[in-house]
Amino acid sequence: MKIKAKIMDSRKIAAALKRLAMEVVERNHDLKNTAIVGIRTRGVFLGERIQKMIEKSEGVTLPLGILDITLYRDDLSTVGPHPLVKGTEIPFDVSGKDIILVDDVLFSGRTVRAALDSIVDFGRPNSIQLLVLIDRGHRELPIQADYVGKILPTSRRENVELKLKETDGADEVRIVEEE
Amino acid sequence: MFKRRHLIGIEDLKREEIDHILDTADSMLEVSTRNVKKVPALRGKTVVNLFFENSTRTRISFELAAKRLSADLLNFSGSSSSLSKGETFRDTVQNIEAMHPDIFVIRHAASGSAQYLSSFTKYSVVNAGDGAHEHPTQALLDALTIRQKKGSLDGLKVTIVGDVLHSRVARSNIFLLRNYNTRITLSGPVPLVPEEFKELGVEVEYDLDKALEGSDIVMMLRIQRERLSGIFFPSLREYRKYYQMTPERMKRADKNALLLHPGPINRGVELMKEVADGEQSVILDQVTNGVAVRMAVLYLISGGTNELDH
Amino acid sequence: MSLIIKKGRVVDPAQKLNEETDLLIDGGKVVKIGKNLSVPGAETVDAKGLLVFPGLIDMHVHLREPGFEYKETIASGGRAAAAGGFTSIAAMPNTLPMNDNEGITSFIVDKAAAESPVRVFPISAVSREQEGKELVEMGSIVEAGAVAFSEDGFPIRSPLILRRALEFQKTLGKIIIEHAEDLVLSGEGVAHASAFTYKLGLKGIPFSSETAAIARDIEILREFGGKIHFAHLSSRFSVELVERAKRDGLQVTAEVTPHHLLLNEDLLSTYSPLYKTKPPLREEKDRLSLVDALAKGIIDVIATDHAPHSQDEKELEFDFAPFGVIGLETAAGLIYDRLVSTKLISLERFVEVLSLNPAKILGLSGKGTLAVGSDGDVTLFDPEKSVVVDCERFQSLARNTPFQGWKAKGWPVMTFVAGRRVF
């Protein structure tokens with residue numbers, strides 16, 4: 001694995017998230033109807049950070065749900081051993097809500113497709129908006145994000161590696177390439 | 001990571017594999033609480049319930065599990081179909097194989113049938129109970145229930161009571177629990193609890209009161225009265241006297257002990273109504289967990305590879 | 001037509017012979033033994049490097065004819081025997097109709113004479129329909145050619161019938177072969193009763209299912225006299241009972257099958273019906289005890305209990321499959337490789353238990369030895385021939401061998417019956 005570039009550090013990630021949180025507040029006048037759903041694993045922690053930022057600035061605690069999309073993946077019949085299902089926890093009724101769906105990196109769009117299918121199985125939200133920290137392009141489905149922390153053009157051979165304090169001990173985004 | 005294509009028995013599973021199934025089952029539990037109790041994980045897969053022995057409960061539990069994973073399901077019941085026409089087990093299976101299923105769930109009165117099936121079919125096999133050999137999903141759902149209530153399987157004293165000799169549930173539970181730091185005691189009439197079972201690493205105590213002393217888990221086994229009375233124990237009256245679980249006897253166990261039973265219960269035989277419906281009984285939790293465990297197993301083996309095949 | 005088998009090592013314990021020599025057979029009988037024999041116009045077989053045995057005798061075979069010709073016939077069983085180095089076999093009576101009368105006995109004798117390459121000696125039931133109620137017409141059946149009486153497949157159910165059969169033995173002289181089993185103790189058992197098979201969830205057949213039956217027979221024999229041959233011993237405790245009876249001077253003999261000598265219950269973890277036999281494969285301790293008893297002379301005979309079943313019948317779930325395995329085409333080679341080459345039994349003992357002793361026990365005159373004047377039944381055995389057991393090449397109609405894929409060095413290569421090559 002070759003590290004090609006360090007894109008974001010802890011400070012830059014925090015700044016991006018703060019901007020994203022403000023955009024969410026701007027676009028959703030009535031935060032009473034808004035809820036956050038993070039996609040496992042890192043989307044959950046990003047969602048939590050956004051939730052805290054909004055809480056701090058607006059005094060409103062948005063409900064936070066956790067989505068495990070494993071059982072909705074479209075490649076289950078082709079991946080070898082099936083990945084562990086860590087479970088979905090959505091402790092609120094999604095019907096009528098404006099859902100902010102949070103993921104770390106937007107790439108092919110397949111994860112988001114699975115997440116959308118999963119959410120609608122829980123009810124009929126008023127709207128679903130997509131928030132990602134990184135959009136690296138190469139979409140395979142007609143999906144785009146409503147809130148993007150950073151657009152990062154990459155080649156297909158490159159990989160975006162996103163680390164978070166909660167899971168990896170430190171915040172960092174870098175581009176790596178298989179050797 | 002779970003790499004098996006078949007689930008024939010608990011005996012050859014490693015602790016990590018058991019934990020992996022239970023962790024997955026934990027996640028599956030949530031699916032059953034949704035409004036839309038269905039996920040697309042096994043969409044397009046066909047699960048065949050091959051039941052050569054009657055068991056409505058296990059069959060519908062697997063059926064629900066398959067359906068909640070969006071698999072298509074076919075119920076084949078051997079007793080009502082070709083077996084009576086002289087067709088062999090193998091013929092029957094090969095006939096169904098020609099319709100391209102993905103997973104066989106097999107229940108059979110003969111020990112070893114699931115393994116035998118896996119020896120000649122190219123599809124996945126899940127053992128839903130073979131004779132007196134194993135009933136792996138029952139042991140897994142028992143373990144899931146215990147884990148939910150007790151937090152962990154380690155450090156528990158487990159007492160298994162009744163017809164151990166003919167019980168696949170007892171064998172699978174012993175194979176499962178001995179992967180953890182547990183102390184297992186078997187109790188029941190001598191002919192139904194042969195001393196040879198000690199070689200599986202368990203204790204045998206024919207005095208039920210003593211066996212229950214300090215137990216965290218009490219597993220009752222079903223007594224098939226028609227088959228056993230007169231030969232394996234003198235009479236039902238005598239069985240009740242020495243081995244029926246009564247509220248009094250239950251007090252010998254730890255005060256937070258759980259009472260499990262694989263069902264269907266013979267009320268008034270192996271346990272009294274007051275115990276079956278009592279606070280310590282987790283019999284209905286077992287049923288709920290059964291669906292989750294079977295979802296987990298179907299999900300995991302459908303991603304399995306040939307690597308660990310028998 | 002005379003035949004000279006040249007330069008083979010003749011192993012014939014009856015004459016204490018174990019040397020490289022020639023053998024002349026004429027008119028179906030052994031005429032001369034000696035070096036450098038030559039007779040003008042005689043057919044000669046070069047047996048250099050081969051072992052020359054008196055024709056092997058399997059005293060426990062199920063031929064299935066009449067009644068179950070899809071499993072095996074007298075002809076196919078006979079061909080299987082010839083291929084396995086056997087020149088004589090004794091056929092158990094559990095056919096359909098059962099061999100419990102002179103008619104069936106004669107049928108088997110005639111049919112074998114016409115169709116079987118090897119000699120077939122019928123064994124009659126002890127009681128009509130093996131029901132343990134009425135004796136068969138023992139005298140007439142012996143006249144028709146039966147060499148022994150047995151209820152094989154089942155024990156002699158009634159101790160009184162056993163007593164009477166032993167009493168008639170005084171005039172008829174024919175051995176009673178007992179399948180020693182207490183059917184009640186066996187119950188629905190399909191495997192040896194042990195911690196191992198409990199774990200597998202297989203219903204057990206205890207030791208005492210066999211020992212209780214042997215003990216019963218021994219005590220009846222002790223009181224009323226006679227001779228009993230115990231078929232297919234399976235346990236170390238049965239060995240003890242036979243040993244004690246022999247020490248007491250009782251006329252008791254016993255046999256063991258190749259599968260009980262070579263296999264144990266561990267194989268049942270596969271649940272393959274090919275390991276389902278009666279008596280069941282027991283523990284390694286039992287197997288070792290049986291080998292030891294065979295070497296020491298407590299067990300007198302190796303007999304295959306060749307029990308052919310069609311594949312459709314045998315390849316079932318373990319509980320539902322019938323008991324029994326075939327053995328005619330593998331016995332000599334595998335026993336030689338596993339017991340003789342490993343020096344667990346001597347070469348002389350091998351010939352005793354596979355030829356001399358069965359001939360003696362069944363009273364087959366002229367068999368079991370190659371002494372001058374005896375029958376020209378000869379088995380040529382190549383101690384260097386390497387074989388992989390492949391049931392698809394068997395002469396038997398059945399394929400239910402537990403030894404598929406086994407390798408052995410040493411195998412029967414030619415079989416002569418009355419001086420005529422049959423394999």
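Below, read A as the first sequence line, B as the second, and so on, with proteins coming before strands; counting in each chain starts at 1. Heavy-atom basis, side chains included; hydrogens, waters and symmetry copies ignored.
- Interatomic distance, Tyr271(C) OH to Ile8(B) CD1, rounded to the nearest 0.5 Å: 10.5 Å.
- Only the side chain of Leu165(B) comes within contact range of chain C, with at least one heavy atom under 4.5 Å from a heavy atom of that chain.
- Atom CG in Leu268(C) sits 11.5 Å away from atom OG in Ser111(B) (nearest 0.5 Å).
- Contact annotation for Tyr198(C): both backbone and side-chain heavy atoms come within less than 4.5 Å of a heavy atom of chain B.
- Looking at Glu134(B), neither its backbone nor its side chain comes within 4.5 Å of chain C, counting heavy atoms on both sides.
- Glu313(C) does not touch chain B: none of its heavy atoms, backbone or side chain, sits under 4.5 Å away.
- Summarising the geometry of Glu317(C) relative to His108(B), their closest heavy-atom pair is OE2-NE2, 2.5 Å, with the distance given to 0.1 Å.
- To the nearest 0.5 Å, atom OG1 of residue Thr270(C) and atom CD of residue Gln115(B) are 7.0 Å apart.
- Only the backbone of Ser269(C) comes within contact range of chain B, judged by heavy atoms closer than 4.5 Å.
- Heavy atoms only, all atoms of each residue included: His133(B) and Lys199(C) are closest at CD2-O, 3.7 Å.
- Two rings, from Tyr116(B) and Phe318(C), have their centers 6.0 Å or more apart.
- Within a 6.0 Å sphere centred on CZ of Phe154(C), other residues, nucleotides and ligands contribute 12 heavy atoms or fewer.
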